[in-house]
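Below: the structure, in structure tokens.
The shown structure was predicted, so the numbers you read here are calculated from the model rather than taken from an experiment. Numbered from 1 within each chain, the chains take letters A, B, ... in sequence-line order.
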Amino acid sequence: MWTWFYKLASPPHVYSLAATFAPWFLGLAALLLGYGVVDGLAFAPPDYQQGDAFRIIYVHAPGAWMSTFIYTTMAVAGAIGLIWRIKVGHAVAAACAPIGASFTVLALATGSLWGKPMWGTYWAWDPRLTSELILLFLYVGVMSLRSAFEDAARGDRAAALLAIVGVVNVPIIHYSVVWWNSLHQGATVAKLGKPSMDAAMLWPLLSMFLGFMLFFGGVLCLRLQGEVLNRERQSNWVRQALKS
Amino acid sequence: MSVGGFWAMGGYARYVWPCFILAALVFAWNLWAARRYHAAARLRARRTLAMAASEKR
């Protein structure tokens with residue numbers, strides 16, 4: 001029963017899985033993102049308070065969600081690599097970092113552009129904004145630490161440790177709007193009970209969320225293939241894989 | 001909604017459109033960088049294998 005799970009620790013199996021899934025993830029992501037952008041920009045009604053500025057939510061909210069989701073994935077993968085010494089875990093963690101950092105930049109920049117017309121400023125040292133900025137520093141720190149060591153295995157271990165320690169920032173980001181007074185609005189979609197959005201606005205948003213997730217899956221598969229090849233390039237299976 | 005009204009985004013065009021352009025850039029960069037990284041890793045692996053083969057000879 002657990003065979004499929006154990007196989008995930010095998011680099012050739014993961015390499016072949018990633019090669020199979022990447023085009024599917026990216027193709028489905030393109031469909032969902034296309035629908036989300038068109039419906040969100042052209043057909044969703046304007047917000048009664050924010051007008052058309054609310055449409056920024058279609059890239060800001062999924063970007064912010066991805067920034068924390070990818071960080072958590074990176075920390076879990078790093079922990080798996082660290083605890084069970086599974087090399088694929090470190091490869092996944094290494095592949096996650098630049099993708100997560102790019103989504104964090106997207107969340108910060110789009111949040112800043114949304115903040116100007118709504119709050120009157122591009123930036124405030126608000127708990128949500130500050131904790132998201134710390135997340136970006138954590139991503140940069142993890143990537144820098146990994147490449148700072150000549151011995152790749154030591155770099156992997158150090159980066160995994162930092163990622164695990166830094167995961168404490170993820171609930172802080174999520175609950176910052178509850179724990180402290182914040183300019184940032186509270187949860188809209190991920191509320192227990194009913195989301196406080198009209199269905200005409202919600203459907204394109206959910207499509208964007210899923211599209212962002214699948215895009216991450218596709219790009220992760222591409223990067224993971226590179227990571228696995230880099231780490232295993234002297235193995236026999238790589239010779240076979242490159243010949244075919 | 002008219003085409004002009006759509007582009008104007010109710011007066012918020014200079015905030016809304018840059019967000020979507022930035023998102024498109026982030027997506028394009030991720031795709032380009034991931035493909036480039038994979039291609040570079042393949043090339044490096046091929047070189048390593050070629051070097052190992054020439055050393056054997």
If one checks every heavy atom of A:L26 against chain B at 4.5 Å, the contacting part turns out to be side chain

Could you check whether any side-chain heavy atom of A:F216 comes within less than 4.5 Å of a side-chain heavy atom of A:F25, counting everything from C-beta outward? no

When the 4.5 angstrom heavy-atom criterion is applied to A:L33 and chain B, the contacting part is side chain

Given A:E232, A:Q225, A:Q50, A:H60, the one with more heavy-atom pairs under 4.5 angstrom with chain B than any other is A:Q225

Are the side chain of A:Y58 and the backbone of A:M201 linked by a donor-acceptor contact shorter than 3.5 Å?
-> yes

Check the angle between the aromatic planes of A:W65 and A:F209 and answer parallel, tilted or perpendicular using the 30° and 60° thresholds.
-> perpendicular

Fill in: Heavy-atom donor-acceptor pair, A:D52 side chain to B:G10 backbone, under 3.5 Å
yes

Bottom line for A:Y15: the part with an atom under 4.5 Å from chain B's heavy atoms is side chain

Whatever's closer than 4.5 Å to a heavy atom in chain B on A:E227 counts as both

Residue from A:G218, A:G51, A:P117 scoring the most non-hydrogen pairs under 4.5 Å with chain B is A:P117

| said: Can you tell me how the ring of A:F212 sits relative to the ring of A:F103, calling it parallel under 30°, perpendicular over 60° and tilted otherwise? | reply: tilted

Interface check, chain B: of A:V238, A:N230, A:V105, most non-hydrogen pairs under 4.5 Å belong to A:N230

Honestly, the part of B:A40 sitting under 4.5 Å from a heavy atom of chain A is neither

Heavy atoms, side chains only, cut-off 4.5 Å: are A:R55 and A:D47 in contact?
no

Applying a strict 4.5 Å limit to non-hydrogen atoms, the region of A:P62 in contact with chain B is neither

Item to check | Side-chain donor or acceptor of A:S112 paired with backbone N/O of A:L108 under 3.5 Å | outcome: no

